[in-house]
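Since this is a predicted model, take the numbers as computed values, not measurements. Atoms within a ligand are numbered from 1 in the order they appear, just like the ligands themselves. Note that the numbering runs from 1 along the sequence shown for the chain.
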Amino acid sequence: MGKVIIKVNGLHKSYGNFEAVKGISFEVLEGEIFGLLGPNGAGKSTTLEIIETLRNKTSGEVVVDGLDLDKSPSEIKKIIGVQLQASGFYPGLNLVELINLFAGLYNEPTDALALLEKVNLKDKAKAKFKELSGGQKQRFSIATTLINKPKIIFLDEPTTGLDPQARRNLWDLILGIRAQGTTVIITTHYMDEAEVLCDRVAIIDSGKIIAIDSPSQLIDNLVATGFERPVQVKKANLEDVFINLTGYAIREEG
Ligand code: ADP
């Protein structure tokens, strides 16, 4: 880790009179999992979609792997992986056919079954997208981000609405993708998820970055101010109980 792979400088985005992103700056390092955290409406998706070349910015500078967003958007598209909206998954095609379709669009020879195996969906190769569970849908959608062998993938709230097993399963998948050298940018409003996954996070509120650091450093900074949790923290939480009782294995197939 070390080299800056994404640089965002003074980014602004207005929708009419409303300024959704108010001059934010941050850098993402190669090989890290970088989290954008914030409440609904903070400007996370807008920021991601601008970097992904899917939305126009109002002003500011974005550089992805040395490529200027204003000058080389199509070059940027080639090195990033973006989750497609479910509406892009043609209902008549099964998972293998969908991967082959996208591989054809990217002009990228792809072993569809190997890719499905990577995301633990090989036994669903002949299934249609709509027949998958929530966790399986997310895993498939993450698989599609990998087709063009991107340097960076963007995951917008990949675990929202999933049960604890499916969520932890997705964490393992994301950590595995990073372990193979891919940089990951993720948005989430699950703080436990950010703590487990993210090397660094930017906390965004009302279009501004109000903190940026590793989760551990942010917690240390808060503790250093004299902050203490008002109640004694138990050594496990209800989610631990649930996982302990129902097991860690993927259950959504059943
Ligand atoms: P987040 O991803 O953090 O929930 P968004 O980036 O989706 O936030 O939205 C930031 C703000 O911009 C919100 O107030 C939202 O209503 C507004 N917004 C997003 N997209 C549009 C749009 N296309 N037109 C007008 N306002 C928008």
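N169 CG to T159 OG1: the interatomic distance, rounded to the nearest 0.5 Å, is 12.0 Å.
Of the charged side-chain nitrogens involved, none lies within less than 4.0 Å of a carboxylate oxygen, so that D213 and R200 do not count as a salt-bridged pair. Taking 4.0 Å as the cut-off between side-chain N and carboxylate O, R168 and D240 count as a salt-bridged pair. Ionic pairing of R167 and D192 is present here: one or more N-O contacts between side-chain nitrogen and carboxylate oxygen are shorter than 4.0 angstrom.
There is a side-chain donor-acceptor pair under 3.5 Å between T188 and E193.
The side-chain hydrogen bond (donor to acceptor under 3.5 Å, both in side chains) pairs that include a residue from residues 18-27 are N9-S25, H12-E19, where partners are two or more places apart or lie in different chains.
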Check: every ligand 1 N/O to protein N/O pair under 3.5 Å:
unit_1: ligand 1; atom_1: 2 (O); unit_2: S45; atom_2: N; d: 2.8
unit_1: ligand 1; atom_1: 2 (O); unit_2: S45; atom_2: OG; d: 2.8
unit_1: ligand 1; atom_1: 3 (O); unit_2: A42; atom_2: N; d: 3.1
unit_1: ligand 1; atom_1: 3 (O); unit_2: G43; atom_2: N; d: 2.9
unit_1: ligand 1; atom_1: 3 (O); unit_2: K44; atom_2: N; d: 2.9
unit_1: ligand 1; atom_1: 3 (O); unit_2: K44; atom_2: NZ; d: 2.9
unit_1: ligand 1; atom_1: 4 (O); unit_2: G41; atom_2: N; d: 2.7
unit_1: ligand 1; atom_1: 6 (O); unit_2: T46; atom_2: N; d: 2.9
unit_1: ligand 1; atom_1: 6 (O); unit_2: T46; atom_2: OG1; d: 2.5
unit_1: ligand 1; atom_1: 8 (O); unit_2: G43; atom_2: N; d: 3.1
unit_1: ligand 1; atom_1: 20 (N); unit_2: Y15; atom_2: OH; d: 3.3

